[in-house]
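Lettering of chains follows the sequences in order, A, B, ..., and the numbering in each one begins at 1. Quick caveat, the model's predicted, so the values are computed rather than measured.
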Amino acid sequence: MKVSYYPGCSLEGTARDYAESILGICASLDIQLEEIPDWNCCGATAAHSIDHRASIELAGRTLNLATKLPNSDMLVPCPMCFNRLKTAAWALNQDFANRYAINLQGALPRIWDLANFFATEEMLQSTAKHIKKPLEGLKVVCYYGCMANRPPEITEATDFENPQALDRIMESLGATAIPWPYKTDCCGASQVLSRPDIVSRLVGKLYDMAQRVGAQAIVVSCQMCQANLDMHQEKIGADWKRNFSLPVYYFSELIGLAHNVTGVERWLRRHITDPFTLLKQLNLWNNP
Amino acid sequence: MPQNTLTPDYHFLEQVETTGPFQASACYQCRKCTNGCPVTFAMDIYPDAVIRLVILGQRQAVLGCETIWVCAACETCSTRCPNNVKIAELMDCLKEMAVQAGVPSPQPQILALHASFLKNVKRWGRVFETIFLPEYFLRSGELLRKWQTGTWRAEMRLSWQMTRKKRFPMFPKTIKGKNEVRKILARRKQK
Ligand code: SF4
Ligand code: SF4
């Protein structure tokens, strides 16, 4: 299967672990990713916060590049990029589209949030076929954050208050996805740079609940959520006068682990909160 | 005699709605937006009150408040509003209006973050975190603050770990279309 691919800026930098795990599992599942040639930054929070027109036009430029590829699906691993591309696709089709100095120049591919793509029946089946070592004994909570689901008229999500994509993927890998109430509560995203105190409150609340429901780890599909939950765990623990030790895995890393794809160790080594000890305790670590 | 009476400026709502639609006038003050908002603890005016003040044309109050800047843009409010008021989108519109009108942000480092980010996009067409992050920390005064509060040691350790884990690439990936990107970003003053 060939699909278009928009990695986004952080996957070329700090979220290398996410990027490499996606390439790893797509190769093993025979999904060919065709990167949108010459794509640009979607503008992210900065553009939609202080330059609305630019936020639509930046994403619009990339959408136009995407129309030139023959593929009918486009995968977007970063929920922020996904949200901005979907917002632009929506805005450029409204009757006020003439506000923007850009027109859509062709039919768009279907824009997929990566986790939702891997949670379709078809993909779940093909993922299940490749399992070498089911993730038995691993108890996780799935954390979705904001941008893959809200607002629903943009994302076209139907289960936006209680999304299931990651839970389904985890169950299909043999892990246990514990239901919990904070699936879509905000992690503070880029406020980690400008108001770390806000992020500490929001993320501490997530750790606390994850521990209370008995999770051993948190599974995410967003590199901002991953960074906020993984990088500052020690510091946030200190703020909360608690000891948190919850590995934060990308769902793609866990697919790779269950499929025994080469490279899992290299991806996980880039994490800050120790991702290995838990897997060893559960006898899930035998990766080459 | 009533004191502190407000003089509504209904043009403000109109002016705001030209970049919408935000449907602000449909708000019936149920406060569902505020009740679901994760960041109210850091706000000076609650989201429902921001909407009310926009309807009442209280330009200064909303353009100068903390709320529009500390809002995390999580979209919970817009998603849950029974009247389809686009609260989160309106928060963005107010930030942009404040910047264009030169109203100083009470959270200058948040504005500095957005401005540094867009400057970075302008330079390469994509964000290059290896430069964007330190540049923001310098420009916003956050580095100084971390120094003064003694949190810089932990930050330095984290940056060093990130570098060792090769999560800061050495070179930016620049794109052929960067002039198109620059043109898109040139129209608005960003700070
Ligand atoms: S949820 Fe909607 S109607 Fe209710 S107070 Fe907020 S903006 Fe107004
Ligand atoms: S978008 Fe902003 S105002 Fe709305 S719920 Fe989220 S943080 Fe609160």
For A/Arg269, is it the side chain, the backbone, both or neither that has a heavy atom under 4.5 Å from a heavy atom of chain B? backbone
Do the side chains of B/Trp69 and A/Arg195 get nearer than 4.5 Å, heavy atoms only? no
Where on A/His232 is there a heavy atom nearer than 4.5 Å to chain B: the side chain, the backbone, both, or neither? side chain
Side chain, backbone, both or neither of A/Asp17 within contact of chain B (heavy atoms, under 4.5 Å): side chain
Kindly compute the distance separating CG (B/Asn84) from CD (A/Glu153), expressed to the nearest 0.5 Å. 6.0 Å
Rounded to the nearest 0.5 Å, what's the gap from OG1 on B/Thr19 to CZ on A/Phe96? Could you check? 10.0 Å
Taking every heavy atom of B/Val121 against every heavy atom of A/Cys41, the minimum-distance pair comes out as CG2-SG, 3.7 Å
Below 4.5 Å from any heavy atom of chain B, which atoms of A/Ala47 appear? Answer side chain, backbone, both or neither. both
Select one option (side chain, backbone, both, neither) describing which atoms of A/Leu202 are under 4.5 Å from chain B's heavy atoms. side chain
Less than 4.5 Å to any heavy atom of chain B: does that hold for the side chain of A/Ser10, its backbone, both, or neither? both
Say whether, by atom type as modelled, one donor and one acceptor occur between the side chain of A/Arg61 and the main chain of B/Val181 under 3.5 angstrom. no
Once rounded to the nearest 0.5 Å, what's the spacing between atom SG of B/Cys93 and atom NE2 of A/His48? 13.5 Å
Can a salt bridge be assigned to the pair B/Arg187 and A/Glu57 using a cut-off of 4.0 Å between side-chain N and carboxylate O? yes
Could you walk me through whether A/Ser190 and B/Leu113 pass the side chain to side chain contact (heavy atoms under 4.5 Å, CB included) check? CA-CA 9 Å; A/Ser190 68; B/Leu113 177 67; 4.0 Å; yes
Once you round to the nearest 0.5 Å, how far does CG of A/Leu193 lie from NE2 of B/His114? 10.5 Å
